[in-house]
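Taking it in order: structure first as structure tokens, then the write-up.
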Amino acid sequence: MPELPEVETVAADLRPHLVRRVIERCEVRHPAVVRHPEPVLFVNGVTGRRIERLTRRGKYILCHLDTAELLVVHLGMTGQLRYVQPDAPLLTHTHAIFSLDNGAELRYRDIRRFGRLLFGTEADLVAARKLPRLGPEPIDPEFKARDLQDRLRGRRAPVKALLLDQSIVAGVGNIYADESLFRARVRPDRAAGELSRPAVIRLHDALRESLLTGIRNRGSSVDDYVDAWGEKGRQQEELLVYGRAGEPCVNCGRPLSLVRIGGRSTVFCRRCQR
DNA sequence: TTAAATTCCTGTAAGC
DNA sequence: TGCTTACAGGAATTTA
């Protein structure tokens, strides 16, 4: 599923093709994917606008329009944003099509429809509670172990649950949470506020390493994830624990355990992670 | 404020 | 083969 590395890959792929393009037409085929404002206003809002910049924040893709408004895309679980020529076959579950002034199309496809499309100024979207307050970007060089420690201090929830909380750190989902905890040798069910200083430092470093490796490998295609060209990433072949319950730990050989934490399946090694 | 549970949604796989 | 059921999970929402 799309987490920070996957969203970063899509955003980086799209950026050179979308910046300075004008959205000449927008067709919403499944109105439910437009979460703000009403679909008619959404279409009117984006039509005729020029995309000036394209950025990523957490798992959100932000198209900065010439009106100072944003076209926001969140891919949810199975969302795909593809840059195609208009004669490309229309895939099932294609919910929105943006026609560009160079003849190409940006198509939004989402099987489970957990994703969303938004339009408005950042202030609008925050006020309407459509854009949540996000924690720092974990791959930002300014994000230090100390910042992570400050955010975990006093918290009794399992550290895994807090890694998934987008207001603690932005962009981490189930795959990279498990991978980071394994690399850091931290048990996912440990109370976050009780981690030792060295453990928090290891977790900080492991988070960055896991996410940056994921970006280098163009994301994990464990489910439906593909990049802007419809191609799978390679990171799923490098995963150390995610999706490997019962298989031997790459470090000690003991079978990996599967538990539920924060309502999410969690894979870890009982021997290596303490 | 925090933490846990519930809800949305469809494809896939397991079980009978 | 065909049916039912469980499961996957990001994040908004609800409940405690």
Side-chain angles (χ1 to χ4, degrees), chain A residues 1-8 10-11 29-37 56-62 72-81 91-96 108-118 120 124-135 137-138 150-181 188-195 211 214 219-226 232 235-236 239 241-246 256 258-268:
Chain A
M1 63 290 321
E3 302 181 23
L4 188 153
E6 291 74 29
V7 178
E8 175 65 26
V10 172
R29 308 176 79 240
H30 195 121
V33 301
V34 175
R35 303 295 183 90
H36 187 87
R56 178 194 59 76
R57 178 80 174 97
K59 299 174 193 171
Y60 291 83
I61 293 171
L62 309 174
V72 181
V73 181
H74 192 297
L75 300 174
M77 283 285 297
T78 54
Q80 303 174 354
L81 261 189
L91 299 178
T92 56
H93 307 291
T94 298
H95 304 314
Y108 175 71
R109 175 171 191 250
D110 189 354
I111 295 164
R112 272 174 252 184
R113 304 207 306 272
F114 277 17
R116 59 205 63 216
L117 302 178
L118 310 169
D124 276 350
L125 293 171
V126 170
R129 295 170 165 274
K130 302 296 176 185
L131 264 189
R133 293 181 303 280
L134 297 172
E137 291 288 328
D150 289 346
R151 288 170 177 273
L152 301 183
R153 182 171 297 125
R155 300 292 297 259
R156 288 195 292 269
V159 59
K160 158 86 182 264
L162 291 195
L163 289 181
L164 296 176
D165 183 336
Q166 302 300 297
S167 68
I168 301 288
V169 175
V172 179
N174 211 28
I175 296 174
Y176 295 94
D178 278 7
E179 294 295 302
S180 301
L181 289 162
D189 57 356
R190 285 280 304 279
E194 289 168 11
L195 293 183
L211 294 166
S220 303
S221 293
V222 293
D223 211 344
D224 300 88
Y225 169 73
V226 291
K232 295 186 174 208
Q235 181 62 20
Q236 67 280 4
L239 297 177
V241 289
Y242 181 87
R244 297 192 60 240
L256 294 170
L258 175 63
V259 296
R260 281 194 91 74
I261 297 175
R264 300 282 173 262
S265 59
T266 301
V267 183
F268 73 105

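Chain A is the first sequence line, chain B the second, and so forth, proteins listed ahead of strands; every chain is numbered from 1.
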Under 4.0 Å, counting only non-hydrogen atoms across every strand here, what does [X] touch: a base, just sugar-phosphate, or nothing?
X      : value
A:M77  : base
A:R264 : base
A:R129 : nothing
A:R260 : sugar-phosphate
A:S265 : sugar-phosphate

State, with a plain yes or no, whether a side-chain heavy atom of [X] is found less than 4.5 Å away from one of [Y].
X      : Y      : result
A:V259 : A:I261 : yes
A:V73  : A:Y108 : yes
A:L181 : A:V159 : yes

Gap between atoms [atom1] and [atom2], on [X] and [N] respectively (whole Å):
X      : N      : atom1 : atom2 : result
A:Q166 : C:dA12 : CD    : C1'   : 13 Å
A:H74  : C:dG9  : NE2   : P     : 15 Å
A:Y176 : C:dG9  : OH    : P     : 14 Å
A:L164 : C:dA8  : CG    : P     : 14 Å
A:E3   : C:dG10 : CD    : P     : 6 Å
A:I261 : C:dA8  : CD1   : P     : 14 Å
A:I111 : C:dG10 : CD1   : P     : 16 Å
A:R113 : C:dA12 : CZ    : C1'   : 16 Å

Could you tell me the boundaries of the chain A footprint on DNA chain B, defined by atoms under 4.0 Å from its heavy atoms? B:dT2 to B:dG11

Strictly by modelled atom types, are A:R109 and A:H95 linked by a side-chain donor-acceptor pair under 3.5 Å? no

Within the 3.5 Å criterion, strictly below it, is a donor on A:Y176 or A:E6 matched to an acceptor on the partner's side chain? yes

If you assign each of A:Y242 and A:L131 to its closest nucleotide in DNA chain C, which residue comes earlier from the 5' end? A:Y242

Between A:D110 and A:G115, what is the shortest heavy-atom contact and its length? OD2-N, 2.8 Å

According to the 5.5 Å centroid and 30° plane-angle thresholds, does A:F114 stack upon the nucleobase of C:dG9? yes

Most 5' of A:A32 and A:R155 on DNA chain B, judged by nearest nucleotide: A:R155

So does A:K59 get a side-chain nitrogen or oxygen closer than 4.0 Å to the phosphate oxygens (OP1/OP2) of C:dG10? no

Salt bridge A:R56-A:E137, side-chain N to carboxylate O under 4.0 Å: yes

